[in-house]
Amino acid sequence: MEGVELPFCELCQRTVFDSRRGHVYTSCHRKAVTRITNRFLAKVTEARQCISSPRVARLEDVTAYAMFWCPVCSCEAPRHSTAANRAVLLAAGILEHCAGAKHRRSLPRFCHEHRVAKELKDNFVVDESDYHKYLEAAVLALSEFERKCKDEIMQENRENQLRENIKEIIIQGSTKPVVVLAKHVTSTAAAAAAAATAATTLNSRLGPGRRF
Ligand SMILES: [Zn+2]
Ligand SMILES: [Zn+2]
């Protein structure tokens with residue numbers, strides 16, 4: 001056997017000593033095929049759920065550059081897609097890969113080679129029309145995500161400004177900034193609570209008879 005390179009089965013992760021043709025019928029190979037295709041199918045099924053309602057996350061909240069293994073093409077591909085403004089489209093990479101030409105080309109060979117049931121074939125690909133639908137929905141989801149982010153930033157800025165105002169009032173210890181305080185205490189319960197704290201502090205400084 002010296003000098004002869006034995007084939008290696010990627011699905012079983014073992015060297016094939018018997019004939020390659022015979023190997024695909026062995027129980028260990030059949031089990032590996034079932035395990036791997038089920039796992040892959042679960043990923044594709046989950047990704048498909050995003051077609052009508054794309055999921056967007058912040059870059060810092062997910063493993064944005066995670067990869068997934070495609071047994072059909074025998075390659076790794078990005079799981080998600082990053083977009084502008086630190087947004088990540090979850091599972092977009094899986095959808096893109098499974099709708100792609102390379103994946104479609106590899107599928108018949110994979111199914112034939114590993115004797116995957118014909119009826120399962122369609123489950124391993126994403127229709128091109130579905131992928132286009134997804135892209136359209138993703139554009140809307142991204143703009144909604146950006147709008148929410150802007151609102152959050154504006155709200156945060158308002159709260160920071162309010163905190164600064166309250167700090168100023170406490171430091172000055174005078175009744176003059178009360179007008180400023182009242183002007184800002186309109187938005188959130190948090191702001192109202194912060195203002196109440198500031199008022200209590202002021203009252204304790206002003207003493208009896210000079211309530212704020
Ligand atoms: Zn095998
Ligand atoms: Zn593939």
Side-chain angles (χ1 to χ4, degrees), residues 3-139 141-142 145:
V4 177
E5 203 174 314
L6 291 169
F8 182 79
C9 176
E10 266 190 347
L11 301 194
C12 302
Q13 288 290 300
R14 62 178 69 186
T15 304
V16 178
F17 291 102
D18 47 7
S19 77
R20 192 149 182 89
R21 201 176 160 77
H23 173 76
V24 298
Y25 296 103
T26 59
S27 110
C28 76
H29 187 80
R30 299 313 313 153
K31 278 182 192 162
V33 169
T34 304
R35 191 182 68 248
I36 289 166
T37 51
N38 282 347
R39 202 186 297 157
F40 181 63
L41 204 55
K43 281 181 200 146
V44 181
T45 306
E46 196 187 334
R48 263 211 202 92
Q49 287 168 1
C50 297
I51 291 172
S52 53
S53 47
R55 291 164 59 209
V56 188
R58 290 173 201 273
L59 191 69
E60 52 272 30
D61 293 341
V62 291
T63 315
Y65 301 104
M67 305 292 279
F68 80 99
W69 172 256
C70 174
V72 176
C73 305
S74 186
C75 73
E76 278 203 316
R79 200 182 179 102
H80 313 301
S81 267
T82 50
N85 296 327
R86 308 181 67 74
V88 178
L89 279 164
L90 299 178
I94 297 177
L95 292 174
E96 185 184 5
H97 178 85
C98 293
K102 182 191 166 201
H103 183 76
R104 289 174 173 282
R105 271 199 310 272
S106 307
L107 190 61
R109 182 198 49 78
F110 174 82
C111 291
H112 174 74
E113 201 173 312
H114 299 293
R115 306 295 185 267
V116 174
K118 274 182 190 165
E119 56 270 25
L120 283 178
K121 237 175 169 181
D122 288 346
N123 297 334
F124 294 134
V125 287
V126 171
D127 282 345
E128 275 179 286
S129 60
D130 280 346
Y131 184 59
H132 286 296
K133 260 186 228 163
Y134 170 74
L135 291 179
E136 282 169 15
V139 170
L142 281 173
F145 178 80

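Just so we're clear, the structure is a prediction, and the values are computed from it rather than from any experiment. Quick note: numbers below take in every heavy atom, side chains included, and nothing from hydrogens, waters or symmetry partners. Numbers for residues simply follow the sequence, beginning at 1.
- In this structure, the separation between SG on C9 and CD on Q13 is 8.0 Å, given to the nearest 0.5 Å.
- Here the shortest heavy-atom pairing between H80 and L90 reads ND1-CA, 3.4 Å.
- Shortest non-hydrogen contact noted between L11 and A32 is O-CB, 3.5 Å.
- In this structure, the side chain of N38 engages the main chain of T34 through a donor-acceptor pair within 3.5 Å.
- Here the rule is side chain to side chain contact (heavy atoms under 4.5 Å, CB included) with V33, and of K31, H29, R35 only H29 fits it.
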Evaluate the criterion side chain to side chain contact (heavy atoms under 4.5 Å, CB included) for residue pair F124 and T37; output intermediate values, then yes/no.
-> CA-CA 9 Å; F124 294 134; T37 51; 3.8 Å; yes

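- Checking side-chain atoms of R30 against main-chain N and O of V24 turns up a donor-acceptor pair under 3.5 Å.
- The side-chain heavy atoms of T82 and L59, taken from C-beta on, include a pair separated by under 4.5 Å.
- Side chains of S74 and E10 form a contact here, defined as non-hydrogen atoms less than 4.5 Å apart.
- Looking at heavy atoms from C-beta onward, N123 lies out of side-chain contact with T45 at the 4.5 angstrom threshold.
- Here the CG-CG distance, from L135 to L89, works out to 9.0 Å after rounding to the nearest 0.5 Å.
- For the atom pair NZ of K133 and OG of S52, the computed distance is 9.0 Å after rounding to the nearest 0.5 Å.
- Under a 3.5 Å cut-off, the side chain of R104 and the backbone N or O of C98 do not form any donor-acceptor pair.
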Verdict with supporting geometry, H97 and H103, side chain to side chain contact (heavy atoms under 4.5 Å, CB included) = CA-CA 7 Å; H97 178 85; H103 183 76; 3.4 Å; yes

Can you list the steps and then say if L107 with K121 is a side chain to side chain contact (heavy atoms under 4.5 Å, CB included)?
-> CA-CA 8 Å; L107 190 61; K121 237 175 169 181; 4.0 Å; yes

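- Summarising the local packing, CZ of R109 is surrounded by more than 12 heavy atoms from other residues, nucleotides or ligands at distances under 6.0 Å.
- Using a 3.5 Å distance cut-off with no hydrogens or angles, the side chains of R79 and Y65 do not pair a donor with an acceptor.
- Annotation for I51 and A137: closest pair O-CB, 3.9 Å, computed over non-hydrogen atoms.
- The nearest pair of heavy atoms linking C50 to R55 is SG-CD, 3.9 Å.
- V139 is not listed as a side-chain neighbour of Y134, based on a closest heavy-atom distance of 4.5 Å or more.
- Ring to ring, H114 and F110 are close: their centroids are under 6.0 angstrom apart.
- Put simply, the side chain of R39 does not reach to within 4.5 Å of the side chain of W69, judged on heavy atoms.
- Note: M67 CE to I94 CD1 = 11.5 Å, rounded to the nearest 0.5 Å.
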Pair R14-C28, side chain to side chain contact (heavy atoms under 4.5 Å, CB included): steps then yes or no = CA-CA 10 Å; R14 62 178 69 186; C28 76; 3.7 Å; yes

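- Looking at every heavy atom in both residues, S106 comes nearest to V72 through CB-O, 3.7 Å.
- By the 30° and 60° cut-offs, the orientation of the rings of F40 relative to F68 is parallel.
- C75 approaches K102 most closely through the heavy-atom pair SG-NZ, 3.6 Å.
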